[in-house]
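A quick write-up on the structure given underneath.
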4 protein chains.
Amino acid sequence: MATSTKRNLKENAIIDAAEKVFSEQGFANTKMEDVASEIGISKGTIYFYFSSKENLYMAITYRAFQALIDTFYESVEATKDQSGLEGLVGLMKSFIAFSEKNFLYSEAMLDFISFVRSTSNGVLDEKITDAMKVSSYYERVRDIQNIPISIFLKEIERGRKDGSILNKQKPELIYLYAWANVLGFVKLNATSGKKTSILKVEITDWRNYIIRHTRKMLTDPDA
Amino acid sequence: MATSTKRNLKENAIIDAAEKVFSEQGFANTKMEDVASEIGISKGTIYFYFSSKENLYMAITYRAFQALIDTFYESVEATKDQSGLEGLVGLMKSFIAFSEKNFLYSEAMLDFISFVRSTSNGVLDEKITDAMKVSSYYERVRDIQNIPISIFLKEIERGRKDGSILNKQKPELIYLYAWANVLGFVKLNATSGKKTSILKVEITDWRNYIIRHTRKMLTDPDA
Amino acid sequence: MATSTKRNLKENAIIDAAEKVFSEQGFANTKMEDVASEIGISKGTIYFYFSSKENLYMAITYRAFQALIDTFYESVEATKDQSGLEGLVGLMKSFIAFSEKNFLYSEAMLDFISFVRSTSNGVLDEKITDAMKVSSYYERVRDIQNIPISIFLKEIERGRKDGSILNKQKPELIYLYAWANVLGFVKLNATSGKKTSILKVEITDWRNYIIRHTRKMLTDPDA
Amino acid sequence: MATSTKRNLKENAIIDAAEKVFSEQGFANTKMEDVASEIGISKGTIYFYFSSKENLYMAITYRAFQALIDTFYESVEATKDQSGLEGLVGLMKSFIAFSEKNFLYSEAMLDFISFVRSTSNGVLDEKITDAMKVSSYYERVRDIQNIPISIFLKEIERGRKDGSILNKQKPELIYLYAWANVLGFVKLNATSGKKTSILKVEITDWRNYIIRHTRKMLTDPDA
DNA sequence: GATGAATGAGATTTCATTCAT
DNA sequence: AATGAATGAAATCTCATTCAT
């Protein structure tokens with residue numbers, strides 16, 4: 001176990017470094033050498049822990065889902081004494097904050113969804129598929145990818161039971177709508193760099209507007 | 001003019017081919033050779049027409065903006081006898097349809113925005129910047145990139161004047177909200193290929209829901 | 001003959017252009033396109049007149065030898081009433097002035113000598129050799145390359161007869177010595193660009209020194 | 001140090017190979033692949049040690065200056081008990097021998113001078129400039145390029161003090177004159193390969209003549 | 001004669017991955 | 001475990017030359 005722990009420590013240190021440089025330069029523009037030198041080890045060492053660059057990215061993806069799940073659970077915990085509506089609004093706020101803070105995570109999760117969907121269609125080229133398949137993290141991510149969704153759906157359920165959510169749409173549709181909103185917001189935001197406004201709109205105003213709108217949507221029986 | 005036309009024809013044929021293979025394989029995974037063989041010419045010929053791969057992508061980006069503008073104008077024309085609200089809803093429908101049909105265009109436009117922002121921040125690496133700067137299409141895109149926005153904003157104005165749009169938010173905020181929605185929707189759909197559902201939700205239902213919601217937002221004086 | 005003249009005119013215009021751009025950018029850095037656009041014609045047209053880039057350079061080489069020969073004859077003519085020594089010093093001055101004015105010519109003649117010597121050793125790679133061999137100018141240059149030398153040697157002969165040249169070395173040795181001096185002077189000079197001094201030495205002083213020294217060498221029976 | 005030495009060994013082995021093939025085929029005609037296969041390694045390995053082809057050439061240039069400096073110091077050492085005149089004649093002999101033996105070195109040094117001059121004029125194209133600038137060898141060469149000159153000038157100084165050198169010209173002028181002589185001699189000999197004569201002149205005779213003449217020049221108070 | 005679009009071999013360079021130590 | 005030298009496939013791009021019009 002000592003060995004295992006040590007190994008984990010190193011593995012995590014590498015993932016930390018990878019997150020940093022991938023965030024700064026993007027996945028495609030980052031060389032394994034960059035990741036290695038960020039943490040002061042050699043390229044070869046990375047390959048001892050990760051079978052490929054893709055696999056390293058998959059490890060980040062796993063972290064992303066884990067972190068989102070943690071964030072969601074914390075949010076649920078924090079609003080458990082409030083209505084389901086507030087729980088869901090809380091999830092939304094957490095989701096936005098999470099994605100803004102971790103753009104890389106946001107992208108990684110999206111890439112994973114794309115990847116899974118594309119491979120199930122047999123569209124993607126085999127090389128990448130193979131690289132992914134041998135990834136020890138691939139299965140792990142598959143196992144947890146749906147947890148955020150189920151948390152979200154559960155809160156909708158709760159809100160419906162306690163009468164705070166009146167929207168009658170399929171819960172999954174509400175989730176998709178919410179996710180798309182967050183995703184679009186974050187994507188467009190990412191292009192604005194350090195700026196606090198885009199198209200003359202304060203980003204804070206925009207963020208608030210999304211929340212307000214979500215609340216409206218959830219409480220509208222005709223929405 | 002004959003010469004000019006001929007040149008344009010070829011140029012367009014190359015862009016056609018590039019769109020096809022970029023769409024299928026992605027920009028990074030596509031070699032210039034792939035584009036060339038798609039259309040049955042040699043690599044060198046492409047470089048005769050386009051100074052770099054980036055430039056070729058910029059040509060596609062130009063097309064993307066042009067196509068979106070055309071789509072917007074057509075939509076405006078089609079709804080000119082209806083209220084401003086209907087005009088805006090029409091734009092929204094067009095926007096979604098456009099993005100679903102042309103995922104590559106959607107990505108290209110987003111990349112361009114990112115690019116402009118990052119260069120104005122001096123963040124991007126010089127090599128790409130240079131390649132872009134010499135692009136004859138770069139300036140063209142800069143010139144037209146804001147036209148879709150202004151069309152959108154004009155319809156909001158019209159709707160406010162004729163009383164069909166009651167939402168009091170900044171027009172730019174509405175645009176951003178709408179764009180984010182479309183973007184998120186398209187991104188999540190991107191690789192679904194032939195699939196008609198996601199998370200058990202029919203994509204058609206989702207699409208309709210976005211439209212319905214947009215309408216609600218626009219007619220709500222408190223939204 | 002009308003045709004022939006017309007052809008010659010065009011040919012010469014192309015060589016003029018080539019001289020200009022080769023001088024400015026160097027042979028290797030110059031594209032056929034550069035030569036063509038310099039004179040406002042198409043690349044294809046150049047190939048109608050010259051079978052290859054090498055051949056075009058060979059045409060310049062031919063001009064170089066012709067020009068040197070002309071320069072030498074003029075010098076000889078100008079000093080025919082003076083001693084052989086003065087004739088030789090005159091040649092030397094002409095040689096230097098010629099080389100300074102026409103660095104490209106100087107290089108071209110040197111390249112030709114190198115080429116001939118290397119091919120007679122079978123050292124040079126075959127591709128270049130073939131390109132050269134089909135050159136219509138190649139033979140022409142071969143025919144006249146030794147004329148400058150023989151002019152030079154004749155003046156030495158004359159100077160010895162009239163007692164103005166006392167140096168007893170082989171005439172060819174004197175020629176080589178003189179040529180090397182001019183060549184080295186011009187080469188080092190070329191690196192100084194527009195500057196009128198190099199290593200704190202005024203180029204004019206250096207030039208004069210070479211002349212003075214040549215005179216000394218020629219009049220010294222022990223040199 | 002073991003690592004450093006090992007790296008240096010390989011680096012030098014690559015430079016050795018590059019010298020060989022550049023000498024045989026010329027810089028422009030040589031592919032990195034040629035250099036690699038000469039030493040039985042892969043292209044990539046060369047790029048691991050040298051960032052570009054230019055950089056590799058710059059390494060050779062550095063060697064060239066180093067070798068000339070070594071040669072000069074050895075010559076100075078060997079003649080330190082003799083007069084300054086003999087010291088200078090010794091340098092001259094060494095210079096000639098050095099340049100004959102290392103034509104590539106001779107060219108490299110000349111190219112470097114050209115390069116520095118042209119960049120200080122802002123003439124050279126940017127691509128090469130950049131490639132050169134990142135060269136770790138570039139700075140090294142800049143640091144040592146003037147050492148040969150100063151050694152030469154010092155010997156002139158010494159000869160003047162001990163009365164063996166009577167020539168009153170500027171030392172720099174003498175250096176230029178000498179250098180031009182060597183350069184011209186070497187250039188004209190360059191491709192003669194195994195040949196021992198040119199224009200019916202034994203190269204040995206020519207070489208001796210240059211030396212004799214240098215001596216005459218140095219001892220002539222009116223030269 | 002002239003054009004310039006088209007070619008395609010080949011050049012430099014990059015970088016994920018391997019492997020001997 | 002760790003290293004980092006070595007690999008080599010592949011990518012972008014260049015340009016002398018050809019050839020249909």
Side-chain angles (χ1 to χ4, degrees), chain A residues 3 6-7 10 28-37 40-56 127 131, chain B residues 2-3 6-7 9-11 14 28-36 39-56 127 131, chain C residues 3 6-7 10 28-37 40-56 127 131, chain D residues 2-3 6-7 9-11 14 28-36 39-56 127 131:
Chain A
T3 307
K6 206 172 162 191
R7 177 174 177 111
K10 192 82 172 224
N29 294 328
T30 299
K31 305 170 209 170
M32 289 302 258
E33 179 60 41
D34 297 338
V35 178
S37 69
I41 61 172
S42 73
K43 261 183 305 181
T45 305
I46 296 182
Y47 279 91
F48 182 78
Y49 291 96
F50 299 93
S51 62
S52 71
K53 196 184 174 188
E54 296 285 343
N55 190 9
L56 180 53
K127 199 164 46 175
Chain B
T3 307
K6 206 170 161 190
R7 176 171 182 112
L9 280 175
K10 190 75 169 236
E11 225 177 272
I14 293 172
N29 295 328
T30 301
K31 316 173 213 172
M32 290 301 253
E33 180 62 43
D34 296 339
V35 178
I39 194 183
I41 60 173
S42 75
K43 257 183 312 180
T45 303
I46 296 182
Y47 279 94
F48 181 78
Y49 288 93
F50 299 93
S51 60
S52 70
K53 197 184 172 190
E54 297 284 343
N55 194 188
L56 181 52
K127 200 162 43 173
Chain C
T3 306
K6 206 170 160 190
R7 179 177 176 107
K10 191 84 171 225
N29 295 327
T30 300
K31 305 169 210 170
M32 290 301 257
E33 178 61 40
D34 296 339
V35 177
S37 69
I41 61 172
S42 72
K43 263 184 303 182
T45 305
I46 296 182
Y47 279 91
F48 182 79
Y49 290 96
F50 300 92
S51 62
S52 69
K53 197 183 174 189
E54 297 285 344
N55 190 10
L56 180 54
K127 198 163 46 171
Chain D
T3 307
K6 207 171 161 191
R7 178 175 180 108
L9 280 175
K10 190 77 170 232
E11 223 176 273
I14 292 171
N29 295 327
T30 301
K31 314 171 216 176
M32 290 300 252
E33 180 63 42
D34 296 339
V35 178
I39 195 183
I41 60 174
S42 76
K43 259 183 308 180
T45 304
I46 296 182
Y47 278 93
F48 181 78
Y49 288 93
F50 299 93
S51 61
S52 71
K53 198 183 172 190
E54 296 285 342
N55 193 187
L56 180 53
K127 200 162 44 174

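To find a chain, count down the sequence lines: A is the first, B the second, and so on, and within it residues start at 1.
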Derivation of the side-chain contact (heavy atoms from CB on, under 4.5 Å) call for Glu11(D) and Ile14(D):
CA-CA 5 Å; Glu11(D) 223 176 273; Ile14(D) 292 171; 5.9 Å; no
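Comparing Ala28(A) and Gly40(C) by the nucleotide of DNA chain E that holds the closest heavy atom to each, the one mapping nearer the 5' end is Gly40(C). The nearest heavy atom of DNA chain F to Asp34(B) and to Thr30(C) marks one nucleotide each, and the one closer to the 5' end goes with Asp34(B).
Scanning residues 41-50 of chain C for heavy-atom distances under 4.0 Å to DNA chain E yields Ile41(C), Ser42(C), Lys43(C), Gly44(C), Thr45(C), Phe48(C), Tyr49(C).
The CG-C1' distance, from Asn29(A) to dC15(E), rounds to 13 Å in whole Å. In this structure, Ile14(B) atom CD1 and dA6(E) atom C1' are separated by 10 Å, rounded to whole Å. Spacing between atom NZ of Lys10(D) and atom C1' of dT7(F) amounts to 11 Å, rounded to whole angstrom units. Rounded to an integer number of Å, the gap from Lys31(B) NZ to dT12(F) P is 9 Å. What separates CD of Glu33(C) from P of dA6(E) is a distance of 15 Å, to the nearest Å. Atoms CD (Glu54(D)) and P (dT12(E)) sit 10 Å apart, rounded to a whole Å. The nearest whole Å value for the distance from the CE atom in Met32(A) to the P atom in dT14(E) is 19 Å. The separation between Lys53(B) atom NZ and dT13(E) atom P is 19 Å, rounded to whole Å.
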Applying the Watson-Crick and G-U criteria (both distances under 3.5 angstrom) with [ ] for crossing and | for other-strand pairs, one obtains for DNA chain F .||||||||||||||||||||
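Residues Ala28(A) and Lys53(A) share a closest heavy-atom pair of O-NZ, 3.9 Å. In plain terms, the two heavy atoms of Ala36(B) and Ser42(B) that are nearest each other are CB-C, 3.7 Å.
Contact annotation for Ser37(C): no contact, since no heavy-atom pair falls under 4.0 Å across all strands.
With rounding to the nearest 0.5 angstrom, the CG atom of Asp34(B) is 5.5 Å from the NZ atom of Lys31(B). To the nearest 0.5 angstrom, Ile41(C) atom CD1 is 8.0 Å from Tyr49(C) atom OH.
Residues Tyr47(A) and Met32(A) form a side-chain contact, since some pair of their non-hydrogen atoms from C-beta on lies under 4.5 Å apart.
Side-chain contact, Ser51(D) with Asn55(D): a donor N or O sits under 3.5 Å from an acceptor N or O.
Across dT21(F) and dG1(E), the matching C1' atoms stand 13 Å from one another, rounded to whole Å.
The salt bridge (Lys or Arg N to Asp or Glu O under 4.0 Å) check on Glu33(C) picks up nothing, with sequence neighbours excluded.
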